[in-house]
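What follows is a short report on a single structure.
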2 protein chains.
Amino acid sequence: MLPTVEWQGDVVVMVDQRKLPAQEVYVRCRSAAEVAKAIRTMVIRGAPAIGVAAAMGLALGVRKSTAKGTRQLTVEFNKMCDVMAATRPTAVNLFWAVNRMKHAFAVGAQAGESPAELARRLEDEARHIHDEDVESCRAMGAYGAALVPEGARILTHCNAGALATAGYGSALGVVRAAAEQGKRIAVFADETRPFLQGARLTAWELLRDGIETTVITESMAGPIMRAGDVDLVVVGADRIAANGDVANKIGTYTVAVLAHEHQLPFYVAAPVSTIDLDTPDGDGIPIEERDAREVTHFRGLQVTPDGAGIRNPAFDVTPHRYVTAIITERGVCRPPYTESLAAAVRGAATPC
Amino acid sequence: MLPTVEWQGDVVVMVDQRKLPAQEVYVRCRSAAEVAKAIRTMVIRGAPAIGVAAAMGLALGVRKSTAKGTRQLTVEFNKMCDVMAATRPTAVNLFWAVNRMKHAFAVGAQAGESPAELARRLEDEARHIHDEDVESCRAMGAYGAALVPEGARILTHCNAGALATAGYGSALGVVRAAAEQGKRIAVFADETRPFLQGARLTAWELLRDGIETTVITESMAGPIMRAGDVDLVVVGADRIAANGDVANKIGTYTVAVLAHEHQLPFYVAAPVSTIDLDTPDGDGIPIEERDAREVTHFRGLQVTPDGAGIRNPAFDVTPHRYVTAIITERGVCRPPYTESLAAAVRGAATPC
């Protein structure tokens, strides 16, 4: 399995996703601050992977702390949590993971644990989050694969794969599970401007697994659907509001509109940690605007003229009416999402 | 005005559009074959500009010929026409221009003109085609500007500007004319993968004219429309079928679907030489599939992994039901297009 993010002794190791597939370079983070920087600069990306990395970063920070006692460690830990939570605003898994680590810390502190004991507790919690994420992906895969017909040609956007999770993938977990069941499938991967996660990451990891993958520019998805060459769409999510509105990589909304126009199923695969019941609808999801340079430059080469305005929202919101179903590790949620998503979060085995 | 393509003595000069805006390099073509190569390799692109360049290339070929008499010249000329017509399959203006040059040649030959006289006749015809194209753009601009409200935020795709025509532009002619009328307008330019005509060419030429331009990736058009930040769309065309189906740069169909979804007007601006009454509908328009390397590489750097399938259709077809109106130099055509387009081709001053 791909080492998206791993705990190795007292470093957190991750493959530098900015450099794939041309180079397979590993970044070794030795502090919480280094993990925060890796998240902010997109060494690692993908909502579930960000959550796992943040958890490992906080465990690492506590382990490396030279705080004299639990009181001082608590102050340091809270600062680390603030830094980690400020890295990226849209993926709710980040805040979910930070809160889970805060809870673990509070439990340990309340029990009078020493800094060393707290460090072990947080390492255990981070490992749990990692392992649960892989299990979640496998479960999503099993539920999702049932929705994939034999011979399906599947379009996906961005990378919701092993690289976006602790392993196996959410949307690509569905693809992998269908392939493991022996279904002949083929994938169209939107290249996904400006960061090219589809061209660089999705194609790379699917081809490693021997799954037929064709890279297209976003502009080709519509004509390919119109030609009848796509059977279904499956994407990941960075945050799902209580009503089923889905924030995901910029371009997802367009794919959803196109799927709707061509009467194709549009599926979202995401763990329940991506569901944010505190946000009633998509209007409440903060959308990160990233550096204009991601659009104006390509590996250091400027493509736009000086003086041009630039927009670079990293995500968009797909209203729930375009979403056929949301595949979670606890089952497949269908409209009305206010009910099925709440049931999934509560832990219902099969929300619909 | 930008020297998209110019006749200078015995060379045809064009700015190398592959290198803009980073470098302003001029390519000097000294033969019909060199002009054909420039069209094929996209030194020059844009349906009307291709037509003008092809006409100049044929005139140049006849001028440079060492044929002993009209009979030998006719054989050579027909070969040149075949080479020129084989450069690119979708833009009908290419075939229109080649046919017009063939007709001029036939008239001269029938009148018993010498090779030198034929050369002059073809030069005159090429110049006419060039000058008419600029006039057409001005007329399209005038008709189209009436459709642009004060304060309009206009989204365009690819480059249907001065660089895609002999000057002034078709879709961007509409933008320019509205600006010249003193309307405050702002343009969103889709960057237009894989060739980046929007980021590189549209932004460059509009900013030269002082028109506010914001570059976005294709994936941002939908969310920006959904946010209410776009008032209308205007694009060019490479071929318009008799029923109003429009072949244009890949990605145009998606923009049309999005405009439809957001109830925004979707206008096409193109000279009547782009209307192909011999092709009943969009299914009959050949779509060029270009080299995969345009998608897999970016200025020599590979972005996709080895082994990935690649699609690279250069155009798509937008069914006429998504097209609000087609702006020509003879007036604004509206549905039913079978009638209004035929009237425009016949020469009606105001087809609708």
Side-chain angles (χ1 to χ4, degrees), chain A residues 20-22 157 186 188-194 196 199-200 203-208 212-224 226 249-258 260-261 287 292 295-296 298-299 301-313 315-317 319, chain B residues 20-22 157 186 188-194 196 199-200 203-208 212-224 226 249-258 260-261 287 292 295-296 298-299 301-313 315-317 319:
Chain A
L20 287 173
H157 186 76
F188 285 109
D190 269 359
E191 67 170 4
T192 316
R193 283 284 292 151
L196 300 172
R200 297 190 301 106
W204 183 71
E205 63 165 268
L206 290 182
L207 289 167
R208 274 170 65 121
E212 182 189 331
T213 307
T214 300
V215 175
I216 57 172
T217 63
E218 271 94 320
S219 53
M220 296 170 197
I224 287 171
R226 188 166 169 258
K249 179 53 52 194
I250 188 76
T252 302
Y253 172 58
T254 299
V255 176
V257 168
L258 288 169
H260 184 256
E261 191 76 8
I287 299 296
V295 175
T296 58
F298 196 95
R299 300 208 178 154
L301 292 168
Q302 186 172 335
V303 291
T304 53
D306 292 331
I310 301 291
R311 290 290 310 276
N312 190 17
F315 305 95
D316 60 28
V317 171
Chain B
L20 286 174
H157 186 77
F188 285 109
D190 270 0
E191 66 171 4
T192 316
R193 283 283 294 152
L196 299 172
R200 297 189 301 103
W204 183 71
E205 64 165 90
L206 289 182
L207 289 167
R208 275 170 63 121
E212 183 188 330
T213 307
T214 300
V215 175
I216 57 172
T217 62
E218 269 94 320
S219 53
M220 297 170 195
I224 287 172
R226 188 165 169 258
K249 180 51 52 193
I250 187 78
T252 302
Y253 172 58
T254 299
V255 176
V257 169
L258 288 168
H260 184 257
E261 191 76 8
I287 299 296
V295 174
T296 58
F298 196 95
R299 298 206 180 156
L301 293 167
Q302 185 172 335
V303 292
T304 53
D306 293 332
I310 302 290
R311 290 289 311 274
N312 189 18
F315 304 94
D316 61 25
V317 171

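These numbers come from the heavy atoms of this one structure, side chains and all, not from hydrogens, waters or symmetry mates. Within every chain, numbering begins at 1; the chains are lettered A, B, ... in the order of the sequence lines, protein sequences first and strands thereafter.
Residue with the most contacts toward chain B among Val215(A), Thr217(A), Val295(A), Val257(A): Val215(A) (heavy-atom pairs, distance under 4.5 Å). Heavy-atom pairs under 4.5 Å with chain B peak, among Leu258(A), Ile287(A), Ile216(A), Asp306(A), at Leu258(A). Interface summary for chain A: among Ile224(B), Leu207(B), Thr296(B), Leu301(B), the most heavy-atom pairs under 4.5 angstrom belong to Leu207(B). Interface check for chain B: of the options Ala221(A), Gly251(A), Ala22(A), the most heavy-atom pairs under 4.5 Å are formed by Gly251(A).
Using a 4.5 Å cut-off between heavy atoms, Val255(A) does not touch chain B at all. In this structure, no portion of Glu212(A) lies under 4.5 Å from any heavy atom of chain B. Only the backbone of Gln302(A) comes within contact range of chain B, with heavy atoms under 4.5 Å apart. For Thr213(A), the part sitting under 4.5 Å from any heavy atom of chain B is the backbone (N, CA, C, O) and nothing else. Interface remark: Leu196(A) contributes side-chain atoms only to the contact with chain B (heavy atom separation under 4.5 Å). Using a 4.5 Å cut-off between heavy atoms, Asp190(A) makes no contact with chain B at all.
For the pair Asp316(B) (side chain) and Pro223(A) (backbone), a donor-acceptor distance under 3.5 Å is absent. Distance alone, capped at 3.5 Å, is enough to place a donor-acceptor pair between the Glu218(B) side chain and the Thr192(B) backbone.
In plain terms, the two heavy atoms of Arg200(A) and Pro305(B) that are nearest each other are O-CD, 4.5 Å.
The distance from the CZ atom of Arg193(A) to the CZ atom of Arg193(B) is 6.5 Å, given to the nearest 0.5 Å.
The cationic atom of Arg208(A) (NZ for Lys, CZ for Arg) lies less than 6.0 Å from the six-membered ring centre of Trp204(A) and within 45° of the ring axis.
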